Amino acid sequence: SADELASGHRLTAGDLSIDVLEFGATVQRLHVRDRGGIRRNVVLGHATVADYRASTAYFGGIIGRYANRIAGARLRLAGQEFPLQANETSATLHGGPDGFHLRTWTVVDRAVDRVTLELVSPDGDGGFPGEVTVQVTYAVSPGQVRIDLTAHTDAPTVVNLTNHAYWNLSAGERDAFAHEMTIDADSYLPLNELLLPSGEIRSVAGLPQDFRARKKVAGFFDNCWVLNGRRGEMKHGLTLRDPVSGRQMEVSTTEAGMQMYTSWHWNEDMPGRNGPLKQYAAIAIEPQNFPDAPNHANFPSAVLRPGETYRHRLEWRFSSGS
């Protein structure tokens, strides 16, 4: 449709192609080959901008100002309290009801293998202090997508940005539980009944959250893992594999955490590009700072101040086996 095509940018490198929308700076499609050489789309999404606007799935969008949850929909910063917009019980989820994934971004640079989009978030946006200017660059090379996220502010604020793509490496032929996964994390953040971190950092040993050795993805997950390695340094975080097609994706990040979510809230009332969304049909992988970090002094700081640059680089690397 015209709605779909008006603002899309296709980047290609070798066998890989990615379609990026100006709406939400969204990854709408990503095609890679399987071991038999068949190119298929492995990212779930919608056909039109109108569908993205009405969606509650956050398909492929850039999440901000703060990815994940902030408890109590309030932010305490420099002795002040800022009420935020709640959109999940009493919490602010993914920036609130009008997050960055629902904005139209501006293209500031474009080449065959990359596109840079910008968004200016005004002071008070969603309740967050400070005017924040955000840029995202998607850059492709054979078998790889690199995403660079930066932000600047004119007043102290908090920033936590990620991409919220949902993945199915079987191109929808099998569900999330057909995938195998490793996560390079010895610990994770336990959650309370509101899906908010308790503040504890717990070992994964003996728990379903232990993905240090490759195993099948099975069951409900909506957790953030504490990645091994230093925040700010590029490190391998997660590998997702569909053993039948051979498609494999390795996710690297400079951030401290790796959120993984098995789409357990999806149901037949939610429209997708190819019909209703089925529970456990895909896996969201969201490298990020820790959820609710502003409310936990033992979590990495999410504060961004004037003169500083927020940076998050993440990479998706694809292979197809032999």
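Quick caveat: nothing in here was measured; it's all calculated off a predicted structure.
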R69/D222 ion pair, N-O < 4.0 Å
yes
Using 30° and 60° as the class limits, which term best fits the ring planes of W225 and F221: parallel, tilted or perpendicular?
tilted
Got a donor-acceptor contact below 3.5 angstrom from the Y310 side chain to the L161 backbone?
yes
Could you tell me which non-hydrogen atom of H101 sits nearest to which non-hydrogen atom of F23, and how far apart they are?
O-CE2, 3.6 Å
Would you confirm whether R103, through its side chain, and D98, through its main-chain N or O, come within 3.5 Å as a donor-acceptor pair?
yes
Do the side chains of L207 and I183 join up, straight or via other hydrophobic residues, at under 4.5 Å, putting them in one cluster?
yes
Salt bridge (charged side-chain N to carboxylate O under 4.0 Å, His left out), paired with D242, selected from R40, R174, R35, K216:
R174
Closer than 3.5 angstrom, by distance alone: can the side chain of R65 be matched with the main-chain N or O of S121 as a donor-acceptor pair?
yes
Can you confirm whether the side chains of H179 and R241 place a donor and an acceptor under 3.5 Å from each other?
no
So, does K235 use its side chain to make a donor-acceptor pair with the main chain of R230 at under 3.5 Å?
yes
Is it possible for you to check whether K278 lies under 6.0 Å from the centre of the six-membered ring of Y280, through NZ or CZ, and within 45° of that ring's axis?
no
Taking C-beta and beyond as the side chain, do I283 and L240 meet within less than 4.5 Å on heavy atoms?
yes
For Q288 against Q259, the heavy-atom pair lying closest together
NE2-CB, 3.3 Å
Does the pair E200/R202 count as a salt bridge with the N-to-O cut at 4.0 Å?
yes
For I70, which fellow cluster members are found when Ile, Leu, Val, Met, Phe, Trp and Tyr are connected by side-chain heavy-atom distances below 4.5 angstrom, either directly or through intermediates?
Y66, L75, L77, F82, L84, F128, V158, V303
Can L16 be reached from I147 by stepping across I, L, V, M, F, W or Y side chains whose heavy atoms are under 4.5 Å apart?
yes
How far apart are the C-alpha atoms of R247 and F318, what are their side-chain angles, what is the distance that settles it, and do they pass the side-chain contact (heavy atoms from CB on, under 4.5 Å) test?
CA-CA 7 Å; R247 291 190 191 93; F318 299 91; over 6 Å; no
For the side chain of N163 and the backbone of G60, is there at least one donor-acceptor N/O pair under 3.5 Å apart?
yes
Less than 4.5 Å apart, any side-chain heavy atom of L11 and any of S17?
no
Salt bridge between R10 and D19, side-chain N to carboxylate O under 4.0 Å?
yes
State plainly whether one hydrophobic cluster holds both V20 and Y58, where clusters connect Ile, Leu, Val, Met, Phe, Trp and Tyr through side-chain heavy atoms under 4.5 angstrom apart.
no
Could you work out the complete set of other residues in the hydrophobic cluster of F299, with links drawn between I, L, V, M, F, W and Y side chains under 4.5 Å apart?
L189, I201, V226, F290
Could you tell me if the side chain of R212 sits less than 4.5 Å from the side chain of D184, heavy atoms only?
no
d(H236 NE2, E315 CD) to nearest 0.5 Å is 11.0 Å
Any W105 side-chain heavy atom under 4.5 Å of I62 side chain:
yes
Contacts of type salt bridge (charged side-chain N to carboxylate O under 4.0 Å, His left out), residue E81, not counting sequence neighbours:
R76
Distance in Å, N289 CG paired with S301 OG, rounded so as to fall on 0.5 Å steps
7.5 Å
Show the nearest heavy-atom pair for residues L93 and N87, with the distance to one decimal.
N-OD1, 2.7 Å
Take F59 and W266, measure what ring-ring contact (aromatic ring centres under 6.0 Å, His included) needs, and give me the verdict at the end.
CA-CA 12 Å; F59 276 142; W266 287 7; 5.5 Å; yes
Looking only at atom types and distance, does a side-chain atom of R39 sit under 3.5 Å from a main-chain N or O of D15, one as donor and one as acceptor?
yes
Got a donor-acceptor contact below 3.5 angstrom from the D123 side chain to the G130 backbone?
yes
Ignoring hydrogens and angles, tell me if any N or O in the side chain of D148 forms a donor-acceptor pair with the backbone of V136 under 3.5 Å.
no
Are R214 and M181 close enough that some pair of their side-chain heavy atoms sits under 4.5 Å apart?
no
Rounded to the nearest 0.5 Å, what's the gap from OG1 on T162 to CG on L149? Could you check?
7.0 Å
Using atom types as modelled and distance alone, determine if a side-chain donor or acceptor of T150 lies under 3.5 Å from a backbone N or O of T309.
no
Between T116 and T137, does the side chain to side chain donor-acceptor pair (under 3.5 Å) criterion hold? Intermediate values first, please.
CA-CA 4 Å; T116 299; T137 298; 2.7 Å; yes
Would Y138 and V107 show up in the same hydrophobic cluster when neighbours are defined by side-chain heavy atoms closer than 4.5 Å?
yes
For the CG atom of L238 and the CE atom of M258, what is their distance to the nearest 0.5 Å?
5.0 Å
For a side-chain contact (heavy atoms from CB on, under 4.5 Å) check, start with the C-alpha distance between H312 and T253, then their side-chain angles and the critical distance, and finish with the verdict.
CA-CA 7 Å; H312 178 196; T253 177; 2.8 Å; yes
Can you tell me how far OG of S141 sits from CZ of R146, rounded to the nearest 0.5 angstrom?
7.5 Å
Within the distance-only criterion (no hydrogens, no angle test), does the side chain of T254 pair as donor or acceptor with the backbone N or O of R313 below 3.5 angstrom?
yes
Heavy atoms of A282 and S263 approach each other most closely as O-OG, 2.8 Å
What's the verdict on side-chain contact (heavy atoms from CB on, under 4.5 Å) for E180 and V217, showing C-alpha distance, side-chain angles and the deciding distance?
CA-CA 6 Å; E180 298 172 341; V217 179; over 6 Å; no
Report the distance from atom CD1 of I63 to atom NE2 of H164, rounding to the nearest 0.5 Å.
5.5 Å
Run the side chain to side chain donor-acceptor pair (under 3.5 Å) test on Q279 and N267 for me, step by step, so that the C-alpha distance in whole Å, both residues' side-chain angles and the decisive distance to 0.1 Å come before the verdict.
CA-CA 6 Å; Q279 191 177 37; N267 61 68; over 6 Å; no
Side chain proximity check, L119 to V132, heavy atoms < 4.5 angstrom:
no
Test item: I285 and Y166 side chains (from C-beta on) under 4.5 Å apart, heavy atoms
no
Same apolar cluster: W316 and L169, side chain cutoff 4.5 Å
yes
Are H265 and M270 side-chain neighbours, meaning at least one heavy-atom pair lies under 4.5 Å?
yes
Closest approach of L194 to N192 (non-hydrogen atoms, all atoms of both residues):
N-OD1, 2.8 Å
In terms of side-chain heavy atoms, does E22 have a donor or acceptor partner in H9 at a distance below 3.5 Å?
yes
Provide the closest heavy-atom pair for G219 versus T262 in the form atom of the first, atom of the second, distance.
O-OG1, 3.0 Å
